[in-house]
Structures are given as structure tokens and as C-alpha cells.
Undergrad: 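Dropping a structure here in C-alpha cells format, bear with me for questions.
Order of the sequence lines sets the chain letters (A, B, ...), proteins ahead of strands, with each chain counted from 1.
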Number of protein chains: 2
Amino acid sequence: MSLSHAILGLLDLAPMTGYDLKKTFDGSVAHFWAADQAQIYRTLAALVDDGSVDVRVVPQKGRPDRREHHITDDGRRRLTAWLGSPLEPERSREPFLARVFFAGREDPAVARKLLAERRAATEERLTALRSLPDPAGTPAERLRTATLRYGVRQLEAELGWIDETAAAL
Amino acid sequence: MSLSHAILGLLDLAPMTGYDLKKTFDGSVAHFWAADQAQIYRTLAALVDDGSVDVRVVPQKGRPDRREHHITDDGRRRLTAWLGSPLEPERSREPFLARVFFAGREDPAVARKLLAERRAATEERLTALRSLPDPAGTPAERLRTATLRYGVRQLEAELGWIDETAAAL
DNA sequence: TGGGCATATATGCGTGGTCCTATATAGGAC
DNA sequence: GTCCTATATAGGACCACGCATATATGCCCA
């Protein structure tokens with residue numbers, strides 16, 4: 001359940017409503033974490049239950065009240081514990097590679113189409129990543145922008161592999 | 001539900017029991033797909049239900065009967081349809097990058113430890129990948145080994161990023 | 001007046017998936 | 001004799017998640 005930790009991390013930067021969190025996930029952390037709106041609200045409720053977060057209702061005129069979620073000391077402790085805990089082994093799951101692996105039973109055109117489609121998608125994601133601001137500031141900011149550079153490197157490596165593989169067909 | 005397609009793909013290469021499939025997932029396709037044993041049996045049952053696969057029971061002495069699963073013509077059609085269908089957009093979920101992103105609130109030692117741990121894990125996976133045989137044979141075999149080279153490229157890119165990022169701390 | 005968009009929260013349903021445990025048998029190690 | 005490993009299958013509990021949908025309101029634009 002890394003989503004709860006990601007939420008704690010974001011609430012540590014600033015108190016937010018579920019709605020704010022959704023926008024943040026879709027914006028500044030989309031390159032490494034996608035979150036469903038319903039799941040955000042559910043996880044938020046669980047975090048309130050276990051005391052990691054508390055809610056302050058801010059009335060608004062003309063709009064539903066903001067239920068602003070603030071991280072608690074307990075929440076900060078859990079965040080710190082997570083950041084210091086050993087890395088969980090990641091289990092791979094890459095549908096694209098699965099297709100490549102099995103594409104051999106089809107006409108060569110299928111594999112070519114696969115690679116071409118992926119190339120387009122990868123290029124698109126690369127432009128999206130590169131257009132994001134990359135100012136190196138405080139150490140904390142540098143770590144955050146490093147996650148963007150990670151994406152750029154991975155995508156560039158992928159383009160290289162696609163071209164090599166397509167050429168070998 | 002890519003697992004069902006991965007299973008169909010493997011059964012297209014050779015008929016197998018659930019047990020065989022588990023070994024295959026842990027072995028030759030582990031670099032791009034991890035599968036839980038219970039989930040394999042459940043998915044296999046679903047594939048039998050929808051006619052993609054049929055079972056031939058092969059009695060054995062001293063061991064439980066082999067329930068050998070064979071792909072049917074319907075199954076082959078579904079496999080082909082999947083291989084030709086448009087790529088699903090992949091939603092990212094990278095716990096490691098999430099940690100890096102939020103590590104800024106901690107002592108610099110935390111980020112350093114994070115990168116060092118990841119470096120070791122990445123290096124380990126690289127050696128595992130490189131030790132696998134890589135003979136270019138038929139076009140189908142070349143596509144399968146291409147998925148290994150994909151992993152090598154990604155891991156190498158990651159090592160580069162880790163070193164760059166660690167140096168910038 | 002009506003439509004579309006932004007703000008804001010929440011439930012229900014289904015499903016894919018992980019972990020744990022149970023069952024059955026044989027061979028080899030200690 | 002007991003324990004471990006390999007072969008082989010499967011159910012139960014639980015969980016995180018994705019998608020669809022509902023509700024409420026105010027603003028702007030046509």
C-alpha cells in the first residue's frame with residue numbers, strides 16, 4: 001500500500017483536500033504514480049482512521065466545504081519509517097514486453113506495428129517529461145526533479161532499444 | 001487481464017500444467033511478468049470455461065495426475081486478436097521513485113541509502129539477465145531475446161541515473 | 001434557459017491479485 | 001523414523017484498485 005505513503009508525503013508538503021490530491025497526482029507526480037480518485041478518498045479515510053491524518057473542515061460559500069487533510073505527528077513518523085525501510089522487491093509486469101515476446105507467432109507486420117506504436121507513445125511521454133521545469137534548488141527539490149530525469153533516461157533507453165529491435169526484424 | 005494472454009501465449013508454445021506454467025513464469029519470462037501460483041490456476045480455469053483452452057488428464061504413477069492444458073483454435077484466435085489490438089496506455093507505479101521524491105524531508109543519509117540499496121538490486125538483476133543465453137535464431141526467438149535486451153538497457157540506464165543522482169547529493 | 005465546466009466528496013460493483021493453507025504422494029537425506 | 005523437497009492442484013480471506021455513478025453548487029457563455 002504505497003499509495004498511503006505517497007499521500008502522506010504530499011500532505012507533508014501542504015495540507016490538501018482529496019480533490020487537491022487528485023490534481024496533484026495527475027500533475028506533478030503522474031510520471032511515477034497514477035492514482036484513482038475513488039482510491040484517494042478511500043485511502044484518505046483509512047489514514048484518518050489510523051491517526052496519520054486529521055481533517056479540518058473549511059466552510060466555503062457556493063461550494064462544498066473543503067475537508068482539508070493535515071498530516072499528524074504520527075503520520076510523519078510513519079512517513080519517516082517508510083522512507084528508511086528496506087526496498088520492497090519489485091515484481092515486473094510489462095504488457096508491452098509480453099506482446100513482443102509472443103509476437104513471433106504472427107506475421108512480422110504485427111511486431112513492426114507493435115514497435116511503431118510504442119515508439120510514438122514513448123516519444124510523446126518524452127516530450128511531456130522534457131517540457132516540465134527542471135530548476136535545481138534545495139536538496140529536496142533536486143531529489144524531486146531527479147525523478148523526472150529518471151523517466152527521461154528510461155524513455156531514451158527505450159527508444160534506442162526500439163530502433164535496434166526494429167532494424168533487426 | 002494480460003495474464004490470460006500471457007498464459008495463452010505460453011500454451012501456444014507447448015501444452016502445460018498449472019505447475020509447469022508457474023515454473024515457466026518464474027524462469028524464462030520472470031523479467032517481464034511475475035505470476036502468482038493461485039492466480040495461474042484461477043486464470044487457467046477461466047480460460048477453460050470460455051473455451052480458449054482444454055484439459056487432457058494424463059495419469060501418472062506415484063504423482064497427482066497431470067492436467068495438461070492445450071490451447072484451442074478459439075484460444076489462438078484470441079491470442080492473435082490481443083497481439084494486434086492497440087497498446088493499452090500504461091499507468092505508472094514506481095514505489096522506488098516515490099521514495100526518492102519524498103526523501104528530501106529526511107536526512108541526506110536516507111537518500112544515499114536508498115540509492116545504494118537500489119544500485120545493489122539493479123546490479124544483481126543485471127547479472128541475472130546477462131547470464132541468460134542470447135542466441136539469435138528464428139525471428140520468433142529473436143523477439144523473445146529482445147525482451148531480455150530491453151531489460152539490460154533499462155537497468156544500465158538506471159545505473160547511470162543512480163550514479164549521476166548520488167554524485168549530485 | 002440551458003449547457004458545460006470547476007469545485008468537492010462519496011458509494012457500489014466487480015475483478016485481478018497476493019498470501020496462506022490444505023491435500024496427496026514419492027524419493028532422498030539425515 | 002522423520003524431515004525436506006519435488007510434483008501437482010485448489011480453496012479462503014482479504015485487499016487494492018478501476019470504472020461508473022450520484023450529489024451539490026456556482027460560474028460563465030451562448
Undergrad: Please report the distance, rounded to the nearest Å, between CG in A/L21 and C1' in C/dA10.
TA: 15 Å

Undergrad: Please give the nucleotide sitting opposite C/dC30 as a Watson-Crick or G-U wobble pair, both distances under 3.5 Å, or none.
TA: D/dG1

Undergrad: Only counting residues at least two apart or in another chain, list the ones meeting ring-ring contact (aromatic ring centres under 6.0 Å, His included) with A/H69.
TA: none

Undergrad: Just how far, in rounded Å, is P of C/dC19 from CD1 of B/I40?
TA: 13 Å

Undergrad: Could I get the full list of ring-ring contact (aromatic ring centres under 6.0 Å, His included) partners for A/F101, not counting sequence neighbours?
TA: B/F32

Undergrad: Can you check the B/D26 CG to D/dA6 C1' distance for me, whole Å?
TA: 14 Å

Undergrad: Can you check the B/E88 CD to C/dG16 P distance for me, whole Å?
TA: 14 Å

Undergrad: Rounded to the Å, how far apart are B/D20 CG and D/dT9 C1'?
TA: 12 Å

Undergrad: Going by the side chain to side chain donor-acceptor pair (under 3.5 Å) test, which pairs reach into residues 33-46 of chain B, not counting sequence neighbours?
TA: none

Undergrad: Within the pair B/R66 and D/dT9, is there a side-chain N or O less than 4.0 Å away from OP1 or OP2?
TA: no

Undergrad: Heavy atoms under 4.0 Å is the rule here; annotate nucleotides 13-23 of chain D 5' to 3' with B where the base is hit, S where only the sugar-phosphate is, and - elsewhere.
TA: B--SBBB----

Undergrad: Give the rounded distance in Å between these two atoms: CG of B/L44 and C1' of D/dA8.
TA: 12 Å

Undergrad: I'd like to check the ring-ring contact (aromatic ring centres under 6.0 Å, His included) partners of B/F102; sequence neighbours left out, ordered by chain and number.
TA: none

Undergrad: Output all residues satisfying salt bridge (charged side-chain N to carboxylate O under 4.0 Å, His left out) with B/D50, sequence neighbours left out; order by chain, then residue number.
TA: B/R78

Undergrad: Between P on C/dT15 and CG on B/D50, what's the gap in Å once rounded to a whole number?
TA: 13 Å

Undergrad: How many angstroms lie between atom CD of A/Q154 and atom CD of B/E94, to the nearest 0.5 angstrom?
TA: 7.0 Å

Undergrad: What integer distance in Å separates B/Y41:OH from C/dA22:C1'?
TA: 14 Å

